Amino acid sequence: MRKDRNRFLKDFKLQKDQIRNITRVKQDTKIVRESLLEQFITDFKNSSDLSVTEFPYIQVKIYYFSYLINKDHYEQFLSKLRNITPEQLQPYLTHSEFKVLPDMKVLEEAILSGNAILFTEKQAYELPFQQGKGRSISSSETETVILGAHDAFVESVDVNLSLIRKRVMSSQLKTIKLYVGNTSKRTVYLLYIEGAASDKDIEEVKKRILSVHNDGITDTNMLVQFIDEHPNSPFPQFYTTERPDVTVYKLFEGKIVGLMDNSPNAFCTPVSFFDFMESMDDFSQRWIVGTFIKIIRYIAILVTLLFTALYVAVTTYHYEMIPQALLPTLLESRSKVPFPPVIEALFLEFLLELLREAGARLPTKVGQTIGIVGGIVIGQAAVQAGITSNILIIVVAASAIASFVIPSYLLSGSIRIVRFGFIILTGFWGNIGIVFGMGILIIHLSSLTNLNSPYLLPISPMYPKLFKYSLIRGPFKKKAERG
């Protein structure tokens, strides 16, 4: 009798403990769920664009931004949810497409990425209804080519990754996902070919990107300015492009490529000054033609940089350099201008920059009109008014045309700024100013590095074997044999 009584008390105690444990688990689950939901509501309060759909009979709330989700997929999901009983809800949400969200950080990232969030009694789930629509793939407007592919990156990083994956059909293409910013987490993908890229460089790029805590970065061209070594230099140190074929070519050269969400540009590193002088048209033609075009570009840089400055130097200090046959025409043209050559040149170059900037900001048809009005009407009127000479207009126009030959828009902008420095130096010292300016420019370029790689490689330091593939475009067969 006593044994039966003890066994009864023991069983009763066990049942009581089990009931207590079940109750505690339910209470804990409720506390966690309510805590996450309350924290979510607190964080997103005063967000009038946040939408919510409630299903009281199964105790479900769905939060989303209506303009970020795919509404067709969302309506299909709701039609299924309306026919579900409370008992069927939990098994339905165990499908792999519905991801459990463990904390507020992951939850916030999910809803801001364009997904919907479903709250049940127990947990929060991510519903993958991200809007897939965006700008369709079109040709590049800043890097046009005559031969070769014409597709360009868009603002969707998924589409940009697919454009690269289609060209690099190999498991050796590796990707690393990173986030930039403290509040506004922006996704950055690092891509590289395993075995071709340097592990040390990959770690260095990762370290620099993770050290960026600025929330105002909206484009790849802004991001690279946070991670380069020489932010005060006018010259670009990371090669940015909106062409997938250029990106793939750089990958196979052992470069590291970065893609950022909502940016139609990719960055490549490490690169040198001569990478900014390449165009995909160089590789689409025979090597002799490609080399000739490259040499034309180097001449164009010198023309852009020095032509106007040389005019100022000659007309101010070195009349003996002017051919005798041209001297009377030049004197007649200059006789009506009351300003010294340096002021005349700076005025016309500044006017040209205004026209260039206005043409870039205005719609295409209006921009063409600005070009005609600026180039012909204002130029002719300036000559007749005696503000500038005919010959200087020819010189400045030749410099402007030469600047358009440079393939990289970033490098072209840098050269245009440096050109003003050369004009001012020649206004003070003539040809000595050009020599002094070139010395300063070469020293500055030699001191630059990109990911600790010399900016003027292979000239400084000197690697003659790389000349064929940097300064000129050598034959593909020789390059393949070299490996």
Side-chain angles (χ1 to χ4, degrees), residues 109 153 156-182 185-214 217-231 233 235-276 278 408 410 447-458 461 463 466 469-470 479 482-483:
E109 182 185 332
F153 288 135
S156 169
V157 71
D158 294 333
V159 175
N160 296 342
L161 281 170
S162 71
L163 291 173
I164 294 176
R165 282 282 182 193
K166 286 176 183 175
R167 288 173 165 86
V168 187
M169 302 179 70
S170 168
S171 59
Q172 299 301 306
L173 176 62
K174 305 297 181 185
T175 59
I176 301 172
K177 190 176 183 181
L178 304 171
Y179 295 97
V180 174
N182 292 330
K185 296 288 185 184
R186 300 296 304 274
T187 307
V188 176
Y189 282 95
L190 288 184
L191 290 80
Y192 62 95
I193 301 291
E194 193 175 42
S198 163
D199 293 337
K200 184 180 175 184
D201 290 345
I202 296 167
E203 289 301 319
E204 180 65 24
V205 177
K206 277 176 59 181
K207 179 183 170 186
R208 292 187 189 183
I209 290 176
L210 292 175
S211 68
V212 177
H213 300 294
N214 193 298
I217 301 173
T218 58
D219 188 77
T220 305
N221 285 302
M222 292 176 68
L223 174 64
V224 296
Q225 294 179 57
F226 281 90
I227 61 176
D228 63 13
E229 288 107 308
H230 308 278
S233 172
F235 289 92
Q237 292 148 50
F238 281 76
Y239 185 90
T240 56
T241 177
E242 60 177 358
R243 297 187 59 82
D245 52 351
V246 174
T247 305
V248 171
Y249 179 77
K250 299 294 182 190
L251 278 171
F252 282 111
E253 278 195 323
K255 316 288 187 192
I256 303 164
V257 167
L259 293 172
M260 189 175 181
D261 62 340
N262 295 314
S263 172
N265 295 291
F267 72 78
C268 308
T269 185
V271 293
S272 71
F273 175 85
F274 304 102
D275 286 290
F276 294 91
E278 288 182 347
S408 169
L410 295 176
S447 67
L448 292 181
T449 54
N450 175 244
L451 214 62
N452 301 318
S453 174
Y455 197 60
L456 284 185
L457 188 74
Y463 285 97
L466 298 180
Y469 311 104
S470 295
K479 189 174 183 180
R482 188 182 66 117

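This one's a predicted model, so the numbers in the text were calculated from it and none came from an experiment.
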J.: In terms of relative ring orientation, are Y455 and F276 parallel, tilted or perpendicular, with 30° and 60° separating the classes?
T.: tilted
J.: Is the shortest side-chain heavy-atom distance between N221 and L410 below 4.5 Å?
T.: yes
J.: May I ask you to decide if S263's main-chain N or O and T220's side chain share a donor-acceptor pair within less than 3.5 Å?
T.: no
J.: Would you find a donor on one side and an acceptor on the other, under 3.5 Å apart, between the side chain of D261 and the backbone of V157?
T.: no
J.: Thinking salt bridges, do R208 and E204 make one under a 4.0 Å N-O criterion?
T.: yes
J.: Has the side chain of Q172 got a donor or acceptor atom that lies under 3.5 Å from a matching backbone atom of G195?
T.: no
J.: Could you tell me how the ring of F238 sits relative to the ring of F267: parallel (under 30°), tilted (30 to 60°) or perpendicular (over 60°)?
T.: perpendicular
J.: So which pairs with a foot in residues 162-171 pass side-chain hydrogen bond (donor to acceptor under 3.5 Å, both in side chains), sequence neighbours left out?
T.: D151-R167
J.: Does some side-chain heavy atom of I193 sit less than 4.5 Å from a side-chain heavy atom of L173?
T.: yes
J.: Show, in sequence, the C-alpha distance, side-chain angles and deciding distance for Y179 and E109, and conclude whether the side chain to side chain donor-acceptor pair (under 3.5 Å) test is met.
T.: CA-CA 11 Å; Y179 295 97; E109 182 185 332; 3.0 Å; yes
J.: So do T247 and L191 actually touch side chain to side chain, heavy atoms under 4.5 Å?
T.: no
J.: When you compare the side chain of D275 with that of K250, does any pair of heavy atoms fall below 4.5 Å?
T.: yes
J.: Would you name the heavy atoms of R186 and N262 that are closest together and state the gap between them?
T.: NH2-CB, 3.4 Å
J.: Assess whether side-chain contact (heavy atoms from CB on, under 4.5 Å) is satisfied between T187 and K177, documenting all intermediate values.
T.: CA-CA 7 Å; T187 307; K177 190 176 183 181; 3.6 Å; yes
J.: Could you go through E278 and V246, starting from their C-alpha distance and side-chain angles, then the distance that decides it, and tell me whether this counts as side-chain contact (heavy atoms from CB on, under 4.5 Å)?
T.: CA-CA 10 Å; E278 288 182 347; V246 174; over 6 Å; no
J.: Using side-chain heavy atoms (C-beta onward) and a distance below 4.5 Å, is I164 in contact with F153?
T.: yes
J.: Are D201 and K255 close enough that some pair of their side-chain heavy atoms sits under 4.5 Å apart?
T.: no
J.: Does any part of the side chain of P264, heavy atoms only, come nearer than 4.5 Å to the side chain of D219, both counted from C-beta?
T.: yes
J.: When you compare the side chain of L259 with that of T175, does any pair of heavy atoms fall below 4.5 Å?
T.: no
